[in-house]
Structures are given as C-alpha cells and as structure tokens.
Amino acid sequence: MILCANFKANKTRQDTRAYMAVVESFVSANNIDDTIIVFPPFTALEHLPRNVLIGVQNAYPAQNGAFTGEITLEQLEEFEIKTILIGHSERRHILGETQEQIAAKFRFFAEQGFVIVYCVGEPLSVREEGISSLMTYIEAQFEGIDLTYPDLIVAYEPVWAIGTGLTPSSQDIEQVHGALREKTAAPLLYGGSVKVDNAGDIMALENVDGVLVGSAALSAHDFCDMVAQASELNMEKGE
C-alpha cells in the first residue's frame, strides 16, 4: 500500500517536526513495509535521514532562474527531494494550471527521475453525467502524460469530494479505478474525504493501492491509524 499525507498550506516547521517524530516512530516500532509519503509545506523541508518519503506539493520545471515565488530543482536537490505531487485539482481549479503546464512539469521531473504522484479527478457536474463522460474528462488530464513512466503513481480524487466530507460509493470508486487500471499499470490511489473511519474500507477495494489524504492526515495519530489499517489489510492478504 501507498499512503500519502498532503499538508497543503498547513503546519509550521515546528508542527511538522513534531508530526514527523510521531509518524517515524510509529513506522519503526511497527515494522511498516508500506510506502509512506508526507508532503509538507516548503518552509518545513529539512535535510534529515527519514524512514518515510518526503515530497513537495509543487515545483517549477527548471534547474533555477528568474521565477519569482517558485521553487526549482536546485532547491529540491539541497534537501534531496525526489518525490513530487503534480496535477492536484486545487492547482488546476484555484491556481489556474493548464494541462499544457502540468504536462511540461511532468516531463521535466520525470526526466529527473522523480517519483510522481499524479492527480486526476472530475467535478460533480461531470460525475452526474455518468462514467463515460467522467472517463472522457479524466483522459483529457492524461494528455502529455507518460502513463508507462516507471515511477508514476496515479491518484484519483473527485474534485467534489475533496475536503467536503462526501465520498463516492465503493462501487463508484471501483468502477473508476477499474477503468484507470485499463490505462496504466501504475499504482492507483484514491483521495477525497478519506478519513480514519473509511480508509480501511477504501484501501480494501479492488484496484485501490492506497490513499492520498488531506485534512484527515493533519493529525499524526490519525494518519498512523490509517497506516495501521493498511498493515492489517496486508496481513489479511498474506502480503
């Protein structure tokens, strides 16, 4: 399983240190084999040995340069960061990133050998039109994206479910993940109002290889609870 915690614009450096101490201790004490990735804010990045992966929520596709307000490869290399989140709906819909810009970012960081967690998802109006319209919408989000890239992780996050407390039915999640599986062999995560109460049930679904968690992962203890649920599922499956 792959479990990701996306802090978004939350937590200070001190908060993040305390959070990581809890998560790293839990992973060590319980011999967790699952892939755990934490995406803190830029201000909380540190160059420290970790037993979990640290990724960035965004970066500009350049070595360095005159890109005011951005962070580039040069800064990421200082922290030995090799994991990035690309295509999140908040960057698409709030910050106006186009598919062309997202694809350029994907190509650049793929060339640098990054693990890329690539997000796709639909608004409620598209969901209500049915699976055919939904997949057509998502396929447009794959334009310019190499779905055979070996370090790709795809995260399906229905836009209408992010931070709302609403989640698709288990059948709906399996349907979309099944359609995505036909397009890529990459691990498939689900995101969108994942929380302690439903994480285990979601991770048990067919073609769901883990979760990308936002607000419900801001509590280190809650995130560790989700990690524990993934570990239990692995034991049930004999993995």
Undergrad: Check I54 against T83 and note the closest heavy-atom contact, atom names and distance.
TA: O-CB, 4.0 Å
Undergrad: Do T72 side-chain atoms and Q63 backbone N/O form a donor-acceptor pair below 3.5 Å?
TA: yes
Undergrad: So, are R17 and E46 salt-bridged, with charged N and O less than 4.0 Å apart?
TA: yes
Undergrad: Determine whether L134 and E129 satisfy the following criterion, side chain to side chain contact (heavy atoms under 4.5 Å, CB included), listing intermediate values before the conclusion.
TA: CA-CA 7 Å; L134 188 159; E129 293 175 3; over 6 Å; no
Undergrad: So, E122 and R127, do they make that salt bridge, N to O below 4.0 Å?
TA: yes
Undergrad: Between D34 (side chain only) and M1 (backbone N and O only), is there a donor and an acceptor less than 3.5 Å apart?
TA: yes
Undergrad: Is E24 reaching over with its side chain to a backbone N or O of V52, donor-acceptor style, under 3.5 angstrom?
TA: no
Undergrad: Mark yes or no for whether S89, through its side chain, and V159, through its backbone, hold a donor-acceptor pair below 3.5 Å.
TA: no
Undergrad: Using only atom types and a distance under 3.5 Å, with no angle test, would you say the side chain of N6 pairs donor to acceptor with the backbone of G214?
TA: no
Undergrad: Write down the atom of L212, the atom of A155, and the distance for their closest heavy-atom approach.
TA: CD2-CB, 3.9 Å
Undergrad: For atom NE2 of H93, decide whether the heavy atoms of other residues, nucleotides or ligands shown that lie under 6.0 angstrom number more than 12.
TA: yes
Undergrad: For the residue pair F7 and P40, what are the closest heavy atoms and their distance?
TA: CD2-CA, 3.6 Å
Undergrad: Is it the case that N51 and S28 place a side-chain donor and acceptor less than 3.5 Å from each other?
TA: yes
Undergrad: Under 3.5 Å, side chain of R92 to main-chain N/O of G87, donor-acceptor pair present?
TA: yes
Undergrad: State whether K195 and D225 are salt-bridged, where the test is any N-O pair (Lys NZ or Arg NE/NH1/NH2 against Asp/Glu carboxylate O) under 4.0 Å.
TA: no
Undergrad: Classify the side-chain pair H88/E97 by whether it contains a donor and acceptor separated by less than 3.5 Å.
TA: no
Undergrad: Would you call the rings of H177 and Y190 parallel, tilted or perpendicular, taking 30° and 60° as the class edges?
TA: tilted
Undergrad: Ignoring hydrogens and angles, tell me if any N or O in the side chain of E174 forms a donor-acceptor pair with the backbone of E206 under 3.5 Å.
TA: yes
Undergrad: Just by distance, no angles: are the side chains of N234 and S231 close enough, under 3.5 Å, to form a donor-acceptor pair?
TA: no
Undergrad: Heavy atoms only: give me the nearest A199-V194 pair and the separation to one decimal.
TA: CB-CG1, 3.9 Å
Undergrad: Restricting to non-hydrogen atoms, name the atom on F26 and the atom on A228 that form the minimum distance, rounded to 0.1 Å.
TA: CZ-CB, 3.8 Å
Undergrad: Please check: side-chain N/O of K11 versus main-chain N/O of P41, any donor-acceptor pairing under 3.5 Å?
TA: no
Undergrad: Looking only at non-hydrogen atoms, find the nearest pair between F39 and Q57 and report the distance.
TA: O-NE2, 3.0 Å
Undergrad: Kindly say whether I32 contributes a backbone atom to a donor-acceptor pair with the side chain of N30 at under 3.5 angstrom?
TA: no
